[in-house]
Amino acid sequence: MYMPKRKVLFCYTFLQGQSDDSSDEGDASGDTEMDFLRSLFSRTLGLSPGEKVLDELTLDGVARYILSGKCKNIICMVGAGISTSAGIPDFRSPGTGLYANLQKYNLPYPEAIFQIDYFKKHPEPFFALARELYPGQFKPTVCHYFMRMLKDKGLLTRCYSQNIDTLERVAGLEGEDLIEAHGTFHTSHCVSFLCRKEYSMDWMKNQIFSEDIPKCDSCGSLVKPDIVFFGENLPARFFTTMKMDFPRCDLLIIMGTSLQVQPFASLSEFGMGLFGFGGGMDFDSDKAYRDVAYLSTCDDGCMALAELLGWKAELEEMVKREHALIDSKDAKTKDKEANQSSRSTGAEAGKSDKTE
């Protein structure tokens, strides 16, 4: 399922074992890794017609395929569009996207806020933005919990995410379920190659909200969340896991991404343009046999598919239950912080009385 700009859902169906011969390729790193991925996708997605898996190129056809028992390995590829209903802006939507609203940081150009060289010289804009968007201030969406349901039902092979908001983890996906292609706030490291000391999410959160620039307590260098900036390498696990997952994928669901950003864009460079309309997907030509587009928001698309699968009530109950748990946890945290603040104020008042 795929919804670039939150408007469209794409589904791909793969034959089990369709490209088993690719599993031994691409042992080298760098360009060889990407060459392997291009080759893998050119065969797995197919540049020539293959066997038809769906009985109908509609969301109903996708639902029947999932329920048939033949669809056992589902991969989700997701981007910022799945989090916009949680209140997190995407990057590129005109007017509302993140890049369109960075004027207050006086950047030379919007993308500079995620450029590693710029960050090392001017870390202040990034950490100011991080205070606004920091994980823990937002709830997962219907789309996040739909992927959680796929996991719980034993159908999710992996979620490949371009997002750094950690909402997949909040929804219940664990480290083994996820490839966070653009990194995560879950951990942080010192930027010095000679140090690389690791810091926890709680440590980084305390630093960011105290409005201090995080510095390593071992060497004094900057500490950066483990999100992938422009100019940095992708996580090695992105490449190694791709080799295992895609040859056995039965259904690829793409949501909330325009597929214009690396690394997802590079997966389709071989003969498929930007993996977009007319590039390698075929929804309505006479030769169409595999791909399905569903036009909707990400949440509506997931709910529509859940209804066709007979999972709608279960999904609605999961969202309601999990959001209530988050609200309860937040309330307890706020009460604890208020009590600590009250005790601190009382202690200061007691000291003042004794000195008078």
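Since the model is a prediction, treat every value here as computed from it, not as a measurement.
For the residue pair Tyr199/Asp217, the side-chain donor-acceptor check at 3.5 Å is satisfied. Side chain to side chain, Asp202 and Ser200 fail the donor-acceptor criterion of an N or O pair below 3.5 Å.
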Run the side chain to side chain contact (heavy atoms under 4.5 Å, CB included) check on Met242 and Ile179 step by step: do they pass? CA-CA 9 Å; Met242 271 277 190; Ile179 298 296; over 6 Å; no
Begin from the C-alpha positions of Arg148 and Glu168 and carry the test salt bridge (charged side-chain N to carboxylate O under 4.0 Å, His left out) through to its verdict. CA-CA 8 Å; Arg148 158 79 178 277; Glu168 295 92 355; over 6 Å; no
Could you please spell out the steps behind the ring pair (Phe, Tyr, Trp, His ring centres under 6.0 Å) verdict for Tyr109 and Tyr118? CA-CA 11 Å; Tyr109 47 92; Tyr118 185 86; 7.4 Å; no
Verify side chain to side chain contact (heavy atoms under 4.5 Å, CB included) between Val62 and Ile66, making sure each step is shown before the conclusion. CA-CA 6 Å; Val62 173; Ile66 294 174; 4.1 Å; yes
Set out, in order, the CA-CA distance, both residues' side-chain angles and the distance that settles side chain to side chain contact (heavy atoms under 4.5 Å, CB included) for Thr141 and His144, then state yes or no. CA-CA 5 Å; Thr141 67; His144 291 97; 2.8 Å; yes
Would Lys205 and Phe185 satisfy side chain to side chain contact (heavy atoms under 4.5 Å, CB included), going step by step from the backbone distance to the final call? CA-CA 9 Å; Lys205 181 178 180 179; Phe185 273 95; over 6 Å; no
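Here Lys151 pairs with Glu174 in a salt bridge; the nearest charged N to carboxylate O distance falls below 4.0 Å. With respect to Lys121 and Asp117, no salt bridge is recorded, no charged nitrogen being found less than 4.0 Å from a carboxylate O. The pair Arg158-Asp177 does not meet the salt-bridge criterion, since no charged nitrogen lies less than 4.0 angstrom from a carboxylate oxygen. Salt bridge absent: Glu322 and Lys139 never bring a charged side-chain N and a carboxylate O closer than 4.0 Å.
Note: Phe114 and Phe126 have perpendicular aromatic rings, judged against thresholds of 30 and 60 degrees for the angle between ring planes.
Here the closest heavy-atom approach between residue Leu305 and residue Ala63 is recorded as CD1-CB, 3.9 Å. A pairwise comparison of heavy atoms in Cys71 and Leu251 identifies SG-CB, 3.7 Å as the closest pair. What you find for Leu315 and Cys302 is that their closest heavy atoms are CD2-O, 4.4 Å. Across all non-hydrogen atoms, the minimal contact from His323 to Pro140 is NE2-O, 2.8 Å. The minimum heavy-atom distance between Ala304 and Tyr294, with the atom names listed, is CB-OH, 3.5 Å. Contact detail for Cys143 and Asp299: the closest heavy-atom pair is N-OD1, 3.2 Å.
For the pair Phe127/Phe209, no side-chain contact is recorded, criterion being any heavy-atom separation below 4.5 Å from C-beta on. Looking at Asp55 and Arg64, their side chains come closer than 4.5 Å, going by heavy atoms from C-beta outward. Using a 4.5 Å heavy-atom threshold, the side chains of Phe138 and Ser83 count as separate. Two residues are said to be in side-chain contact when any heavy atoms from C-beta on lie closer than 4.5 Å; Leu107 and Pro125 meet this criterion. For the pair Phe230/Ile116, no side-chain contact is recorded, criterion being any heavy-atom separation below 4.5 Å from C-beta on. Side chains of Leu155 and Asp250 form no contact here, defined as non-hydrogen atoms less than 4.5 Å apart. Using a 4.5 Å cut-off on side-chain heavy atoms (C-beta onward), Arg237 and Phe239 make no contact. Leu173 is not listed as a side-chain neighbour of Ser161, based on a closest heavy-atom distance of 4.5 Å or more.
Once rounded to the nearest 0.5 Å, the distance linking OG of Ser296 with CE of Met255 reads 10.0 Å. Rounding to the nearest 0.5 Å gives a distance of 8.5 Å between CD of Glu198 and OG of Ser188. Note: Glu314 CD to Met318 CE = 6.0 Å, rounded to the nearest 0.5 Å. Atom NE2 of residue His182 and atom CD of residue Gln162 lie 4.5 Å apart, to the nearest 0.5 angstrom. Rounding to the nearest 0.5 Å places CD of Glu180 at 10.5 Å from CD1 of Ile164. Atom CD of Glu307 and atom CD of Glu316 lie 8.5 Å apart (nearest 0.5 Å).
Under the 4.5 Å side-chain heavy-atom criterion for Ile, Leu, Val, Met, Phe, Trp and Tyr, Met204 and Ile213 are members of the same hydrophobic cluster. Put simply, Ile74 and Met244 are part of two different groups of oily side chains (I, L, V, M, F, W, Y) that touch within less than 4.5 Å, one to the next.
Around NZ of Lys320, the count of heavy atoms belonging to other residues, nucleotides or ligands within 6.0 Å does not exceed 12.
With hydrogens and angles ignored, the 3.5 Å screen pairs a side-chain donor or acceptor of Arg131 with a backbone N or O of Ile208. Side-chain N or O atoms of Asn163 include none that pairs as donor or acceptor with a backbone N or O of Asp165 at under 3.5 Å. Panel note: side chain His122, backbone Phe119; no donor-acceptor pair is recorded below 3.5 Å. Not a single donor-acceptor pair under 3.5 Å links the side chain of Ser328 to the backbone N or O of Leu325.
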Table please: side-chain donor-acceptor pairs of residues 218-229 below 3.5 Å, with sequence neighbours left out.
| from | atom 1 | to | atom 2 | distance (Å) |
| --- | --- | --- | --- | --- |
| Lys224 | NZ | Ile227 | O | 2.6 |
| Lys224 | NZ | Glu232 | OE1 | 3.2 |
| Asp226 | OD1 | His189 | N | 3.4 |
| Asp226 | OD1 | His189 | ND1 | 3.0 |
| Asp226 | OD2 | Thr187 | OG1 | 2.5 |
| Asp226 | OD2 | His189 | ND1 | 2.8 |

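Checked against Thr157 for a side-chain contact (heavy atoms from CB on, under 4.5 Å), the options Leu150, Ile75, Leu252, Thr241 give a single hit: Ile75.
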